[in-house]
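Presented below is the structure to which this report refers.
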2 protein chains.
Amino acid sequence: MTTTRRDTYTPESLLAVAVRVFNERGYDGTSMEHLSKAAGISKSSIYHHVTGKEELLRRAVSRALDGLFGILAEEHARVGTAVQRLEHVTRRTVEVLIAELPYVTLLLRVRGNTDTERWAMERRREFDQQVADLLKEAVADGDLRSDVELRLATRLLFGMINSIVEWYRPDARGASSGAQVADAVVQLAFAGLRSGS
Amino acid sequence: MTTTRRDTYTPESLLAVAVRVFNERGYDGTSMEHLSKAAGISKSSIYHHVTGKEELLRRAVSRALDGLFGILAEEHARVGTAVQRLEHVTRRTVEVLIAELPYVTLLLRVRGNTDTERWAMERRREFDQQVADLLKEAVADGDLRSDVELRLATRLLFGMINSIVEWYRPDARGASSGAQVADAVVQLAFAGLRSGS
DNA sequence: AGAGTAACCGAACGATCGGTCGGGACAAGA
DNA sequence: TCTTGTCCCGACCGATCGTTCGGTTACTCT
């Protein structure tokens, strides 16, 4: 057996360190020297585990995208009324976003400077499009208001959800759980801020 | 008089070019070589107009912050009930964000790698705090729901508003005006997605 | 015509970039 | 004990980074 102890780096454990630094300094603002300092090994040693800086980015955004697309495969995202499915996807997106916070954070910040970044942006657009279709269906059912333009509403909904990566810190004192945040998002998105609704 | 023609760069006109490139590639991902290509002048010529790359960033985020803090100085942001003032600030924030889109976009993306970036983040936090206080007051008045945690609601509201920089393109066909987007944001934020409210 | 200056340029600076290379330390299996 | 492979290192590579410098062009004012 080779499932013995691991006090050395694996590609996965190195990825966790790298993604943390990427999110602190930005991908372009992070040098391999920064990563080596954060990981506690030399710059050249990093290349023993991964082929380079871009592989770390690719692994990270892949993990985020897998989590998101996994939601669309869930049963509650495929059966039921459109508005019910939309609510489920909304809630689960918040939960996945929080469960895979650093990876999704990185995904949401890529600018398209390299092939990897452009691929990530494209796949992310596919996910957004599928949710947009769901919202469109719910409006057609008469379950969602139709006076606000569809594309606008979709983008504002995603804006609200995706903003979580900018402020949610799981280790903060009095931090809400993923489910609590998901509740708040669903409440605000579907019923609004105003009282007595 | 020296108010004659200007077919040459000023610090301001150069800034407009730089900010556009910064937003396309990210600040760290943009080299002075990129800027010189986009501006159509040589790399060294840029230093005739500005002291360096960081001054361009400082000028850009200053302009964005001036626009935002200007809102809080407006009369409708200082008199009236809290919920009315909040609604005004919300609407005007959307409008300013769209009017100064590239500058605010840059402001919202700084990561804190330099002194300039950290200063920008601090001033932005001050603005957010003042709006948060307004929301708190409106909840105390009973005009906004109190079952969703205050900090959570504030952040989701800002998330929705700030997400505009990620998708709003004024030159797109069928693009909404700033006022129209502001309407949609106010509608969704205060009344929610659900129909019949 | 001559002086002054704003706008610009190519070449080069030291520093840092992502990545390569040859080899050492160490544990496991024979 | 000797090999094999994992994990890591310092030294170094060419390229690119933000910035500086000396100098040229072209326009304005006298």
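Chain letters run A, B, ... following the sequence lines, proteins first and then strands; every chain starts at 1.
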- Message: Tell me the interatomic distance from B:Ile46, atom CD1, to D:dC17, atom P, rounded to whole angstroms.
- Response: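 B:Ile46 atom CD1 is separated from D:dC17 atom P by 12 Å.
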- Message: Expressed as a whole number of angstroms, how long is the span from B:Tyr47:OH to C:dA11:P?
- Response: 18 Å
- Task: Can you establish whether the number of heavy atoms outside A:Arg151 located under 6.0 Å from its atom CZ is more than 12?
- Result: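 Counting other residues, nucleotides and ligands, CZ of A:Arg151 stays at 12 neighbours or fewer.
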- Message: Other residues, nucleotides and ligands only: do more than 12 of their heavy atoms fall within 6.0 Å of CD on B:Glu12?
- Response: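 Buried by this count: over 12 neighbours within 6.0 Å.
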- Query: In residues 52-61 of chain A, which residues come under 4.0 Å of DNA chain C by heavy atom?
  - Reply: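 Contacting residues: A:Gly52, A:Lys53.
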- Query: Going by number, which of residues 27-45 of chain A have a non-hydrogen atom under 4.0 Å from DNA chain C?
  - Reply: A:Thr30, A:Ser31, A:Met32, A:Lys43, A:Ser44
Using only atom types and a distance under 3.5 Å, with no angle test, would you say the side chain of [X] pairs donor to acceptor with the backbone of [Y]?
X	Y	result
A:Arg59	A:Glu54	no
A:Arg111	B:Gly26	no
B:Asp143	B:Ala138	no

- Message: Measuring only between side-chain heavy atoms, which start at C-beta, is B:Leu188 closer than 4.5 Å to B:Met160?
- Response: yes
- So among B:Arg92, B:Arg91, B:Arg85, which one has a side-chain contact (heavy atoms from CB on, under 4.5 Å) with B:His88? B:Arg92
- What nucleotide among C:dG18, D:dT6, D:dT19 has an atom nearest to a side-chain atom of A:His48? D:dT6
- Message: Could you tell me if B:Lys53 sits above the aromatic ring of B:Tyr27, with its cationic atom closer than 6.0 Å to the ring centre and no more than 45 degrees from the axis?
- Response: yes
